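All values reported here derive from a predicted model rather than from experimental measurement. Values reported hereafter were calculated over all heavy atoms of this structure, with side chains retained and with hydrogens, waters and symmetry mates removed.
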Amino acid sequence: MSNPKLRTVRGIFYIRERGLGQKEKLRSTRTRDRKEAELALERYIQQEKARKNGYRGEYSSMSPTFRQTSDLFLEDCTRNSLRPETLRSYTFSFDNLSKVFPYSLQVSHLSNEVIRQFTDHLKHSGIKGKRAATSVNVNLRSVRVFLNWLYERRFISHKINVKQIKVNKKKLKILTPDELKKIYELIDDPKLLATFRVYEHTGMRLGELHTCEREGKYIRIIAETAKGRSERIVPLPDEIIEDFELATTIPYLPNRITKQFTKYRKLAGVAEGKSLHSLRHTFAARTLIAQKNPYLVKTLLGHQSITTTEIYLQFPEGYLKDILSENAPPTQVAALA
């Protein structure tokens, strides 16, 4: 059999081999990256040598390391135009994994036991020896994507299970009409006030204000900047149009917006834990009450799954009373008092 070599077919690298008097055989490396394909070819050659010597298992002594494959994975993500913050999240998770599985080890040694140790490490490595469950799961999800990638590229021979830990149901942090009034009354910067009002009445994420486009009475959230790469439109109420024009004309930087909101939230005596993102929660809850359609809310918020939107069905009792008191007939208001 001739020495296996690489060949590209429609951009994908294949391992090409041909025996005496035999037709050429192609084995897909499932990648468009030459470095990655060369690693796959090296693994294949070494595995074939091992089999000729009587070894029938999965050859692993030439298996690439965690460092090599994680670099290839991040390069692949970059080619696929993943967001910089997503890449940073992956890198952060890999650094955490390296605490129990060093970068120098071969990925063929990854196992369910390694992931169990990784999960335990995450649980006890946060502030005061304990990390929040949501943070643990962010790391686990990143590593799960990486492990699936390793399996698809044949760097590991079997799938490895990654189970997230249980998380307490998230409580909505909705701002009541009274809390919004207290905050807004303190603001003496018209542009800052307009910025907050736009977030409140459109439900946009922090960064989306800086790249959205107005189309009459709608705002278009650009796909390249929207979370999940999903373009969407959001209604722009008539009373917010002037605010939108003011807020988006040389808009304040995101960091300044969040810091200023925190400042005025504290000055207004509003409960700790409510942030600028609470304006998005407030928009979602208010729209859900008015429209009674979670699928519409899902679309307006740009959620990928209705499951994410369903959290807004859990209204805080205080907010529910305030909203019902504003809209209910006198007899219902008396019953709520």
Side-chain angles (χ1 to χ4, degrees), residues 83-89 92 132 134-135 138 170-215 217-287 297 300-303 308-309 311-312 316 319:
R83 294 173 174 279
E85 54 266 32
T86 301
L87 296 177
R88 286 194 293 271
S89 178
F92 180 73
T134 51
S135 176
V138 167
K170 188 186 295 185
K171 292 183 179 180
L172 282 183
K173 296 175 181 177
I174 300 174
L175 289 155
T176 67
D178 183 57
E179 288 174 330
L180 285 171
K181 182 180 178 182
K182 288 179 179 178
I183 292 172
Y184 290 170
E185 284 178 344
L186 294 172
I187 302 172
D188 55 7
D189 179 348
K191 185 170 184 174
L192 186 63
L193 177 59
T195 300
F196 294 160
R197 282 170 51 80
V198 169
Y199 282 117
E200 177 199 347
H201 289 275
T202 64
M204 287 192 292
R205 299 181 179 92
L206 176 61
E208 292 174 344
L209 176 71
H210 300 74
T211 53
C212 65
E213 298 175 352
R214 180 187 165 197
E215 297 180 358
K217 293 186 177 182
Y218 292 89
I219 298 170
R220 182 172 297 277
I221 310 298
I222 308 302
E224 286 72 17
T225 57
K227 188 175 180 180
R229 306 280 174 170
S230 178
E231 186 169 297
R232 70 186 193 277
I233 59 171
V234 181
L236 184 64
D238 289 339
E239 66 271 22
I240 301 300
I241 291 178
E242 289 187 11
D243 287 319
F244 179 81
E245 295 299 329
L246 179 58
T248 55
T249 302
I250 313 179
Y252 288 142
L253 294 175
N255 190 49
R256 178 177 180 180
I257 294 172
T258 55
K259 285 186 175 180
Q260 287 295 304
F261 188 87
T262 300
K263 168 188 171 182
Y264 285 106
R265 190 268 303 163
K266 290 180 178 178
L267 289 174
V270 174
E272 188 75 29
K274 295 189 178 183
S275 64
L276 182 87
H277 196 69
S278 298
L279 294 174
R280 177 171 163 85
H281 287 203
T282 304
F283 167 82
R286 185 186 295 157
T287 305
V297 177
L300 294 177
L301 294 179
H303 287 160
T308 307
T309 313
I311 185 178
Y312 298 105
Y319 180 77

Applying side chain to side chain donor-acceptor pair (under 3.5 Å), can you list everything that pairs with Glu85, at least two apart in sequence or on another chain? none

Interatomic distance, CE@Met204 vs CD1@Ile221, rounded to 0.5 Å, equals 5.0 Å

Do Val270 and Thr176 pass the side chain to side chain contact (heavy atoms under 4.5 Å, CB included) test, and can you show the C-alpha distance, the side-chain angles, and the key distance before you say yes or no? CA-CA 10 Å; Val270 174; Thr176 67; over 6 Å; no

Is it true that Arg265 and Glu272 make a salt bridge, defined as a side-chain N closer than 4.0 Å to a carboxylate O? yes

Counterpart residues, side chain to side chain donor-acceptor pair (under 3.5 Å), relative to Glu239 (two or more places apart): none

Using the test ring pair (Phe, Tyr, Trp, His ring centres under 6.0 Å), find all partners of Phe261 that sit at least two apart in sequence or belong to another chain. Phe196

Do Ser89 and Val138 come close enough that some side-chain heavy atom pair is under 4.5 Å? yes

Residue set satisfying side-chain contact (heavy atoms from CB on, under 4.5 Å) with Lys263, at least two apart, ordered chain then number -> Gln260, Leu267

Carefully, step by step, assess Arg286 and His201 under the rule side chain to side chain contact (heavy atoms under 4.5 Å, CB included). CA-CA 9 Å; Arg286 185 186 295 157; His201 289 275; 3.9 Å; yes

If you measure from CG on Leu300 to OG1 on Thr287, what distance do you get to the nearest 0.5 Å? 6.5 Å

Write down the atom of Leu279, the atom of Leu180, and the distance for their closest heavy-atom approach. CD2-CD2, 3.7 Å

Rounded at 0.5 Å granularity, tell me how far CD in Glu208 sits from CZ in Arg232. 4.0 Å

What closest approach, in Å, do Glu179 and Ile174 show between heavy atoms, and which atom pair accounts for it? OE1-O, 3.8 Å

Between Ile240 and Leu236, the two heavy atoms sitting closest are CG2-CD1, 4.0 Å

Any pair with a residue in residues 180-196 that passes salt bridge (charged side-chain N to carboxylate O under 4.0 Å, His left out), sequence neighbours left out, goes on the list, sorted by first then second residue, please. Asp178-Lys182

Sorted by chain and number, sequence neighbours left out, side chain to side chain donor-acceptor pair (under 3.5 Å) with Tyr264 holds for none

Between Leu192 and Tyr252, what is the shortest heavy-atom contact and its length? N-CE1, 3.8 Å

Say you draw a straight line from OG1 of Thr202 to CG of Leu301; how long is it, rounded to the nearest 0.5 Å? 10.0 Å

Does anything in residues 240-259 pair up under salt bridge (charged side-chain N to carboxylate O under 4.0 Å, His left out), and if so which pairs, sequence neighbours excluded? Arg197-Asp243, Arg214-Glu245

What residues, two or more places apart in sequence or in another chain, satisfy side-chain contact (heavy atoms from CB on, under 4.5 Å) together with Pro254? Leu206, His210

Under 3.5 Å, is there a donor-acceptor pair between the side chain of Arg220 and the main chain of Ile233? no

Residue list, side-chain contact (heavy atoms from CB on, under 4.5 Å) with Ser278, at least two apart or on another chain: Lys173, Leu175, Lys274, Ser275

Please list, chain by chain and in numerical order, all residues satisfying side chain to side chain donor-acceptor pair (under 3.5 Å) with Tyr184, sequence neighbours excluded. Glu200

